[in-house]
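Worksheet for the structure shown next.
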Amino acid sequence: MDQETKYAEMKQKRNRIVDAVLFGGMLAAASAFTLALFYRQAMGEIPSDMKAYILEMQGLDSGYRFPYPVFFRFAAFLHFFCSPELAVALAVMLLNGLALVVAKLTLNGLALPVLKAGGREIFWRIVLSLLSAALFFISMLYPPEGIYLPGIRFRYLGVFTANPFHNATYMAARPFAMLAFLWYVKLLPLYEKNSGEKRDYILFSLFLLLATMTKPSFTLVMVSTSGLLMLYRLFRARFRNLMPTIRLGFSFLPTFLALLYQYRGVFVPDAGEEGGVGFCVGEVWAEYCGCIPLAVCLAVGFPLLVLVCNLREGRTHTLYRFSWLVYLISFLEAFFLYEKGFRKPDFNFSWGYMYGIFFCHFGALILLLQVTGRTLRRKPAVAADGGGGTDGAEHADALHEWGQKALLVLQWAAFLWHVTCGVLYFKDCLEGIMYY
């Protein structure tokens, strides 16, 4: 090994160590803030469903049905070492922290190679750590108090957020939902060619089952989205990919069985009540929002801007396209479906929609990082004589480059807007202000 190669490896190792230490500090800070929130919720100081979760974790009657035990079993294990309130709060914090780690590793794997090609690797590693943490604090956009938006009755209800801080089971299921999402995206370009490794099918099946057994809201969206996509590909290929499709379909079997078990405990009528799933046209959503199109823009403003500004780049980006498909299916389910009976006003299909919002932001962030890396690597246009002036085609190229950079600034400003609203929203939740 020559001296130059040895030096490069040492530098790479140093960068990884610095990255891990700095990210560890950010993870600890984010976990401390979220633990404070979850613990205050568990103590009853802040409105949430934590009291019911604590009873369920202890095996007591909570008055609700929770046929998804992963979160509660994990909290019960922690209960051996601490109070029931702290056990539940720690369980949510640790699982939410795991999701943050998944996000950081994903950004490192998909965006860092593009960003560091222009140099300053350690700088970009720090940026990705910050963005990983920011992703878990973004919220819907909302105006300052006293400013009215037409049809928007609440800042959260009817608009919804990628980070509903008041719902522990959503937060707990997210790391498994993210891993299932990522592994399915990994298999998408491979399964029709029978080139995916067996362990990837097993891991996808396991992650989806864990997500289902923690909170099935994401699973309903994921199964619908992937099923429609696989059927489309099956018909497009005129059934030539039937066996690979069946092979991937078997990965869903454990989750289907879990959903059937959960269906028996959730979508069942109480005495004198109608049960099952009903169809409507935005009826339940309209109870909380008088302008659903505006609500959509407030929930996914950043992803919508990225979509408009990067149509060409997004066409061939598998993860980004699938994230939008997940969002679209989640929107349709929230708009057209509802639980019959006394659960109808709860709008429980909105939880799947909030997963759609999260993955829409996640995919948009990854695409924007990659576009940012490629744009910053381009050399500025110069005149043919090598001077600093530009004319003709060179001038047009220079204007195009400045236009692209201006669009990048606009998109990052939209992301920062979501983060700013999210931090203020989190602060309000931490201070006990009602989440809606």
Side-chain angles (χ1 to χ4, degrees), residues 103 106-107 110-111 114-115 124 127-128 130-144 147 149-152 155-156 158-164 181 185 289 291-332 334-335 353-378 399-426:
T106 303
L107 294 187
L110 298 180
V114 182
L115 293 166
W124 288 116
V127 168
L128 293 182
L130 289 169
L131 292 176
S132 300
L135 185 65
F136 292 86
F137 285 92
I138 59 172
S139 76
M140 62 277 147
L141 303 175
Y142 59 92
I147 296 179
L149 294 178
I152 305 301
R155 60 176 176 175
Y156 160 78
V159 179
F160 304 112
T161 174
N163 293 295
F181 174 89
V185 168
C289 176
C291 186
I292 294 176
L294 179 55
V296 167
C297 294
L298 294 173
V300 292
F302 165 65
L304 281 172
L305 186 59
V306 173
L307 176 66
V308 171
C309 295
N310 301 281
L311 287 173
R312 182 184 301 175
E313 292 82 357
R315 288 174 185 169
T316 56
H317 198 293
T318 302
L319 185 149
Y320 176 71
R321 292 171 62 193
F322 188 66
S323 70
W324 266 109
L325 188 58
V326 167
Y327 173 80
L328 177 61
I329 297 301
S330 71
F331 170 83
L332 293 175
F335 192 77
Y353 177 64
M354 282 184 266
Y355 272 111
I357 295 172
F358 174 80
F359 283 109
C360 200
H361 279 85
F362 187 45
L365 178 60
I366 290 172
L367 178 65
L368 182 57
L369 280 167
Q370 293 174 341
V371 170
T372 299
R374 288 192 289 267
T375 302
L376 294 180
R377 284 209 318 267
R378 292 184 191 134
L399 287 176
H400 179 67
E401 289 170 7
W402 279 108
Q404 285 186 316
K405 291 178 179 178
L407 286 177
L408 283 180
V409 171
L410 183 62
Q411 293 168 80
W412 283 114
F415 180 79
L416 182 60
W417 190 9
H418 276 279
V419 174
T420 302
C421 287
V423 170
L424 294 174
Y425 181 61
F426 180 87

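Nearest heavy atoms, M354 versus Y156: CE-OH, 3.3 Å. For G158 against A295, the heavy-atom pair with the smallest separation is O-CB, 3.3 Å. Between F160 and M140, the shortest heavy-atom contact is O-CB, 3.3 Å. Smallest separation of non-hydrogen atoms from T161 and I138: OG1-O, 3.7 Å. Of all heavy-atom pairs between L407 and C309, the closest is CD2-SG, 3.9 Å. Across every non-hydrogen atom of V159 and A299, the tightest pair is O-CB, 3.6 Å.
Atoms CD1 and OG, from I357 and S330 in turn, are 7.0 Å apart once rounded to the nearest 0.5 Å. Rounded to the nearest 0.5 Å, atoms CG (L305) and CG (N310) are 8.5 Å apart. Here the SG atom belonging to C297 is positioned 9.5 Å from the CG atom belonging to L141, to the nearest 0.5 angstrom. Here L368 contributes atom CG and F415 contributes atom CZ; the two are 9.0 Å apart, rounded to the nearest 0.5 Å. Rounding to the nearest 0.5 angstrom, the gap separating the CG atom in L424 from the OG atom in S139 is 8.0 Å. Note: L365 CG to L367 CG = 9.5 Å, rounded to the nearest 0.5 Å.
Contact check for H317 versus I366: side-chain heavy atoms found under the 4.5 Å cut-off. Inter-residue side-chain proximity for F302 and V419 is flagged as unmet; no heavy-atom pair is nearer than 4.5 Å. Residues Y142 and I152 form no side-chain contact, since every pair of their non-hydrogen atoms from C-beta on lies 4.5 Å or further apart. Contact check for L369 versus L128: side-chain heavy atoms found under the 4.5 Å cut-off. Counting heavy atoms from C-beta outward, T420 and L416 have side chains that approach closer than 4.5 Å.
Remark: W412 CH2 is packed, more than 12 non-hydrogen atoms of other residues, nucleotides or ligands lying under 6.0 Å away.
Using a 30° and 60° split on the angle between ring planes, F359 and F181 fall in the parallel class, below 30°.
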Carefully, step by step, assess R374 and E313 under the rule side-chain contact (heavy atoms from CB on, under 4.5 Å).
-> CA-CA 11 Å; R374 288 192 289 267; E313 292 82 357; 4.2 Å; yes
Apply side-chain contact (heavy atoms from CB on, under 4.5 Å) to L298 and L149, showing your working.
-> CA-CA 10 Å; L298 294 173; L149 294 178; 3.9 Å; yes
Run the side-chain contact (heavy atoms from CB on, under 4.5 Å) check on N163 and F426 step by step: do they pass?
-> CA-CA 9 Å; N163 293 295; F426 180 87; over 6 Å; no
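If you look at F358 and F136, their ring centroids are closer than 6.0 Å.
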Donor-acceptor pairs are to be reported for all side-chain atoms of residues 321-329 against protein atoms at under 3.5 Å, with residues two or more places apart or in another chain.
unit_1	atom_1	unit_2	atom_2	d
R321	NE	R315	O	3.4
R321	NH1	R315	O	3.1
S323	OG	Y320	O	2.6
W324	NE1	Y320	OH	3.1
Y327	OH	Y353	OH	2.9

